[in-house]
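What follows is a single structure, written as structure tokens, with notes after it.
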Amino acid sequence: SESREKQQLRERFDREKDELRQRMDSVKGAEDREKSDLRKRLDDALQEKDRSWTAVANLRENLQRCMADLSYANSRLKENDSKFKERDNKAREAEQNKAKLLQVIEELKRALGETTDLND
């Protein structure tokens, strides 16, 4: 009877040991899946970081190019602005000269008119 109890205890011990091993394997499998999932998420995040940095570098390069283009356009506008001012000044001078010439012509006509009146 004692050996029978020992046998039953050994069988119970073996069953519980097997159950415990199965639970541990199940937990280990879940841990392994979680680790694998976390590794994949980390890899995805690192790839996204690389893509983001590349995009930022491209944006920075495009911004620098745009700033250079704007700077060039601004210098050209200033050049053109000074040319337009110069042309406007010349046009104003020409108008003033024209007005003076017309005034002189009118004065000459009056003077000629007066001399013809005197001759009559």
Side-chain angles (χ1 to χ4, degrees):
S1 110
E2 191 178 307
S3 91
R4 187 168 194 317
E5 280 181 27
K6 282 183 177 178
Q7 180 65 30
Q8 286 176 340
L9 282 174
R10 179 158 306 284
E11 289 172 0
R12 182 175 163 206
F13 173 77
D14 288 342
R15 272 194 317 272
E16 288 181 6
K17 189 170 81 172
D18 287 343
E19 269 183 39
L20 186 57
R21 184 172 286 127
Q22 286 175 355
R23 283 189 205 161
M24 286 176 61
D25 288 347
S26 174
V27 167
K28 184 171 177 356
E31 286 176 347
D32 289 347
R33 285 188 298 277
E34 188 174 350
K35 280 181 187 177
S36 174
D37 182 52
L38 289 174
R39 277 192 198 101
K40 183 179 179 340
R41 284 199 218 169
L42 178 62
D43 287 344
D44 291 347
L46 289 172
Q47 288 176 4
E48 182 61 30
K49 178 201 66 127
D50 290 343
R51 284 191 295 271
S52 297
W53 277 113
T54 300
V56 166
N58 289 338
L59 287 172
R60 183 178 295 123
E61 189 178 312
N62 288 339
L63 179 60
Q64 288 172 341
R65 195 175 303 119
C66 286
M67 294 298 286
D69 291 347
L70 284 173
S71 178
Y72 175 75
N74 188 40
S75 67
R76 296 290 296 152
L77 282 172
K78 285 180 181 177
E79 274 180 40
N80 287 340
D81 191 40
S82 65
K83 288 178 186 176
F84 287 134
K85 283 180 183 174
E86 188 178 322
R87 191 168 55 195
D88 288 347
N89 287 340
K90 286 181 180 176
R92 197 174 307 108
E93 286 176 26
E95 285 296 319
Q96 289 170 351
N97 289 339
K98 181 180 169 185
K100 286 179 187 174
L101 284 173
L102 288 175
Q103 187 179 354
V104 168
I105 291 172
E106 287 303 316
E107 288 176 16
L108 282 173
K109 282 183 185 177
R110 247 182 276 120
L112 283 174
E114 290 173 9
T115 57
T116 55
D117 286 349
L118 292 175
N119 288 338
D120 290 342

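All residue numbers refer to positions in the sequence shown, counting from 1.
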- Item | Evaluation steps, salt bridge (Lys or Arg N to Asp or Glu O under 4.0 Å), between E31 and K35 | CA-CA 6 Å; E31 286 176 347; K35 280 181 187 177; 5.6 Å; no
Which value, rounded to the nearest 0.5 Å, describes the distance between [X] atom [atom1] and [Y] atom [atom2]?
| X | Y | atom1 | atom2 | result |
| --- | --- | --- | --- | --- |
| Y72 | L77 | OH | CG | 10.5 Å |
| R10 | K17 | CZ | NZ | 8.5 Å |
| L38 | D43 | CG | CG | 11.0 Å |
| N58 | L63 | CG | CG | 12.5 Å |
| L101 | L108 | CG | CG | 10.5 Å |
| M67 | N74 | CE | CG | 10.5 Å |

Between [Y] and [X], is the closest basic N to carboxylate O distance under 4.0 Å?
| X | Y | value |
| --- | --- | --- |
| E95 | R92 | no |
| R110 | E114 | no |
| K40 | D44 | yes |
| E48 | R51 | yes |
| R23 | E19 | yes |
| K90 | E86 | yes |
| K85 | D81 | yes |
| K28 | D32 | yes |
| D25 | R21 | no |

(message) Within a 6.0 Å radius of atom CD on Q47, are there more than 12 heavy atoms belonging to other residues, nucleotides or ligands?
(response) yes
Does any part of the side chain of K83, heavy atoms only, come nearer than 4.5 Å to the side chain of R87, both counted from C-beta?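 They are not in side-chain contact.
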Does any N or O in the side chain of S26 come within less than 3.5 Å of the main-chain N or O of Q22, such that one atom is a donor and the other an acceptor?
->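 Between the backbone of Q22 and the side chain of S26 there is no qualifying donor-acceptor contact (under 3.5 Å).
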(request) Apply the test side chain to side chain contact (heavy atoms under 4.5 Å, CB included) to residues R12 and Q8: give CA-CA distance (whole Å), side-chain angles for both, the deciding distance (0.1 Å), then the verdict. (result) CA-CA 6 Å; R12 182 175 163 206; Q8 286 176 340; over 6 Å; no
